[in-house]
Each structure stands twice: as C-alpha cells, then as structure tokens.
2 protein chains.
Amino acid sequence: MENSNSCITCVSPNCFLKLCSNEWIQLIEGHKTETSYEKGQYVFNAGDLVNGLYFVKRGKIKVVSNGLNNKEHIVRLATDGHVLGHRGFGGETYPISAIAMDDSVICFVDNETISKAFFHNPHFTVKLMLFYSEELRGIEARMTYLAQMTVRDRVAFALLYLKDVFGYNSSGEILNANITRADIADICGTNVEQVIRNLTDFEKEKLVAKEGKKIRITNEEGLRQMLVIYNFKFVPKMHFIS
Amino acid sequence: MENSNSCITCVSPNCFLKLCSNEWIQLIEGHKTETSYEKGQYVFNAGDLVNGLYFVKRGKIKVVSNGLNNKEHIVRLATDGHVLGHRGFGGETYPISAIAMDDSVICFVDNETISKAFFHNPHFTVKLMLFYSEELRGIEARMTYLAQMTVRDRVAFALLYLKDVFGYNSSGEILNANITRADIADICGTNVEQVIRNLTDFEKEKLVAKEGKKIRITNEEGLRQMLVIYNFKFVPKMHFIS
DNA sequence: GGGAGAATCTGCTTTTTCGCAGAAATGTTT
DNA sequence: AAACATTTCTGCGAAAAAGCAGATTCTCCC
C-alpha cells in the first residue's frame, strides 16, 4: 500500500485505467483495492472465482495453468501495465493461477465496476480489447514453438521470452527476474534436468554465462539465430497509451 | 455470395455484428464483403497484413501458425459466429494463416470501419472483448495440455476439441469435420504415424471406431476420463448474444 | 465403375527425452 | 561462521517419440 492509492497520481505509465475519463477514474478509485504481494505469493489461485480484473502496477507475475497432477505450466508472463484475470463467465473456473515472481503491486477492480466502465469509456474498452487480441496472437505463436521445437530450442526460446517481457537488470545482460531452473522448465514444458543440461551446452557455446542461479545472456543474437528456422521473431511490446 | 448480403436478414444467429445499432449495421454493410471459400482455400495467409476482422457466418476454419520449415500447427479452430484476424498493430505480421476446412462463408470488415464502430457500439465492443478473453483462457488451457500430455493423451484431447468446436454430424457420433490424420497431428504437435497408431489403440479399446477416414466417437466419456489427471474439463461455449 | 492419386496403416530402427540417484554448489538462517 | 535446506548439476538406464520404407485402403473424378 505504498504510494497514494489514486490513479491520478499513480506513477505506472501504462495502466489501462488511465484511459478512462477523470470522472470514471474517480469512481473506479472508490471500488479499487491496491495490494502488495511478496515473492512467491498467489495473486489468485486455481479454482478461485475470478470476479474482477487485476492491473499490474509494478512487478513480475507468472500465470500458471495446473495440469498433470497439478504440475504447473507457465502460460504467460506479466509485468507493469499488464492485465490479469479474464472476466469470468457463468461461474466456471479454469485451473489458472497467478503468482508473484518478485515483490509486486497490483490493483484490483471488481467486475461490476469494470463492466459499467466499459460502457462509458470506449477508449479504455477498445485498448483493453486490443491488449487481449495481442496476447492471443502472442500465445498462439508460443504454442507453436512449444509444439514444434526441440527441448534445446525451447530453452533458448524461454530465455528470450523472459528477456522480452522482463528485460535485463541494471548490471548488464543478466535476466531481470528471480527465476529458478524449474521456472524455465515450466515455460518449456520439460523438466529441470533438461534445462540444466542445455544451459550448460549454451555456456560452452558462449551463448550464456551462468552466474550462480542468475543467467547472463552473452550472445542474444546467437540465441535468436537458433530459432529462425521456426519463423521466430521478436514480438514488439504494445504501447498501451496512444 | 448466397443469401442476401444484409446483416438484418442474416441467418447467422451468433454474429457479433448484430450487437451494433441498426444505424451502424447499415453503415457496416456498406463496407462489408461476404466471401465464400471452398474447402482448402486460404482466408488469409501468413505474412498478409491483416487489416480488418473476419466474421465466420458459416463453416469450419483452422487457424494455423507456421513454425519449423513452415510446418503448420493448428492453434485454434473456428466456426459459426467466431472472429478471425486480430487487429494488426504497427504493421508487424505474425506467421498465422486461416484455412477453410469445409466450404465456408465469411464476412470481412476493414479496420477503419470496425474501429469507428467500436467507439459507438459499446455492447458490440464489450462482447468482442469477452470473446477474446475467453479465447485466451481456452488457448492457455490447450497450451498446458500440449506441454504436459503424452502423445496418446494429446490425440484424445484433439478428438474432444474437434467435437467441442464442430460437434457430431447428423448420422450420430461421427466427428463433423473434414479432417485428415495430418490435421489431428497438427493439433497435437506430433506426426501422422503417431496419430494413426493411437487411433488404432483407441479402436481396440472401444473408444472410437474408424469408418474410412471418418472417426466415430463411441465412448466420449471414456476419452474424457483419460484426461481428468490433467484437470481437463469441457469448456462451455460462450453465448455471444445476451 | 474403374483408375489415379492421396491418405491411411504397420513394422522396424534411430533419436530424443525422461526420470532416478547421488554429488556439488549455493544461499539462507540462526 | 556453521549448519541446514534448497537448488543446481552430472551420469546413466529406461521409456517415449520420431522417422523411414513400403504395403494397403480409401476417395475423388472421369
């Protein structure tokens, strides 16, 4: 509950809520809760009835789907400005959870308020729709990689995906996320051992450098080149506000 | 170009365009083209700049992503009332195509007209957004199945997915789609031989019956039971109009 | 109804991936 | 700083999946 709780003075530059009229922003503020999550904490859990939208103010979130014996699979990574918790329909629930990968701050607005806002803030609604449309395109592409790539190439892909969403940290080309080998495995749809084996190979090939559990990408272009045979290309980030 | 070209008299019950005001429907009709596609024909092709939305009036469409050496992977199936061709951003293109699996009729509306309609037809915009949101949830779930299931279970999943989207045909439990074993392989992310081997197994286990290239599901519940360990559950179809 | 072409099917070998077990390293807590 | 817990790493055998080759069957079109 840091900062003020007001959208007007909120420092998050990409929040969709800012696309609402001032009048509506004030109205939404009355129905908004801002919560801080520690690393590892659940934003929402599989089976919960998601009855609102989560707007990521700041942080790093993994959206996981629970499959075989509730083993987690990371279907999406989210960061500042992204939206979590698709509007629920008819009360059915999907086995999808959102977990903070680092300390994060997220605003929640209930469905009723959001629905009303949709009908009075076309700019907000349209941009949010375009966000979903973009996410759909992105996941369609990732799905193909998952289906067709070898484990080795999926590991390379996961590193680039992490970089494209979370970027590097201040000290250079180190992946800016508190990820374990197991997280990478959960993105790739493989197991920890395979991830480690391939990271070791990548290190020998001077593509990455392991620094403890941190990973430094020493040859990003080389990783991308590995994936051109799959039509892989960088997915430019959407500019939410325009 | 059968039927009249008018949305007012259109027989498609689920078309999103019907959510626009009468005034706007008439305006859209002036910018709309209705095209018939034969089986196998491309609605749009990877690399095309998608500059509008396609509304499926009637038919069966596969949305494919071209990955390794342009091998196709089916990321989504679409039928009556569904929407294809996410709004393009900044001109970048994804390697995604849409192909008619049977004779289909699809209406196309250019981006400029659609964008204007968004701002004057909140009901239309909100419903379309919810459609995307639902599609996103669905593909997140499918992605997990793809990542965690064995080939055998993915084949079972593909059969159920085909059934849930296209249903059975009039003569009973035969999958109502003109699909090849290769199509199923492209949904599963495997090859034709594996699909055939597993279909043969399923037949021995009295789960399906092969009738030429057609597939009859003789024990749908049995197939679903096979997938409960993955938290698989039926995804109820959205009711577009409400 | 017959024939050409496409799709389906089967057996076999090779390759990839998985998964266990145990060692080493890292990082966290007291 | 030491002890503990977690994570990372490596080797190896087992299992799953892929890929090839060739036979059969189906379907569509004339």
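Lettering follows sequence order; numbering is per chain, from 1.
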Engineer: Quick one: is the NZ or CZ of Lys32(A) closer than 6.0 Å to the six-membered ring centre of Phe108(A), and within 45° of its axis?
Structural biologist: no
Engineer: Could you say whether Thr150(A) or Lys213(A) is positioned toward the 5' end of DNA chain C, judged by the nucleotide with the nearest heavy atom to each?
Structural biologist: Thr150(A)
Engineer: Does the side chain of Ile99(B) come within less than 4.5 Å of Val64(B)'s, by heavy atoms?
Structural biologist: yes
Engineer: Ile196(B) has a side chain; which of dC18(C), dC9(C), dG27(C) sits nearest to it?
Structural biologist: dC9(C)
Engineer: Just checking, any donor-acceptor pair under 3.5 angstrom between side chains of Asp153(A) and Tyr230(A)?
Structural biologist: yes
Engineer: If you assign each of Arg197(B) and Ile179(B) to its closest nucleotide in DNA chain C, which residue comes earlier from the 5' end?
Structural biologist: Ile179(B)
Engineer: Between P on dT16(C) and CD on Gln148(A), what's the gap in Å once rounded to a whole number?
Structural biologist: 17 Å
Engineer: Mind calculating the distance between CD (Glu203(B)) and P (dT10(C)) to the nearest angstrom?
Structural biologist: 9 Å
Engineer: Pick the closest DNA chain D nucleotide for Asn191(B) and for Lys210(A) by heavy atoms, then say which residue is nearer the 5' end.
Structural biologist: Lys210(A)
Engineer: When only distance counts, do a donor and an acceptor, one from the side chain of Glu193(A) and one from the base of dC20(C), lie under 3.5 Å apart?
Structural biologist: yes
Engineer: For a 4.0 angstrom threshold against heavy atoms of chain A, report the outermost contacting nucleotides of DNA chain D in 5' to 3' order.
Structural biologist: dT8(D) to dC12(D)
Engineer: Please confirm whether the shortest side-chain N or O distance from Thr190(A) to OP1 or OP2 of dC18(C) is below 4.0 Å.
Structural biologist: yes
Engineer: Could you check whether His82(A) and Phe131(A) have their ring centres less than 6.0 Å apart?
Structural biologist: yes
Engineer: Could you give the NZ-to-P distance, from Lys214(B) to dA7(C), as a whole number of Å?
Structural biologist: 14 Å
Engineer: So, Lys210(A) versus Thr200(A): side-chain donor-acceptor pair below 3.5 Å or not?
Structural biologist: yes
Engineer: CZ of Arg152(A) versus P of dT16(C): gap in Å, rounded?
Structural biologist: 12 Å
Engineer: Take the protein atom CG of Asn178(B) and the nucleotide atom C1' of dA6(C), then report the distance between them rounded to whole Å.
Structural biologist: 13 Å
Engineer: When you compare the side chains of Glu134(B) and Tyr132(A), does any donor N or O come within less than 3.5 Å of an acceptor on the partner?
Structural biologist: no
Engineer: Please report the distance, rounded to the nearest Å, between CD in Gln194(B) and P in dT8(C).
Structural biologist: 15 Å
Engineer: Does the salt bridge (charged side-chain N to carboxylate O under 4.0 Å, His left out) test come out yes or no for Glu220(B) and Arg224(B), once each step is laid out?
Structural biologist: CA-CA 6 Å; Glu220(B) 184 180 324; Arg224(B) 293 192 188 278; 2.9 Å; yes
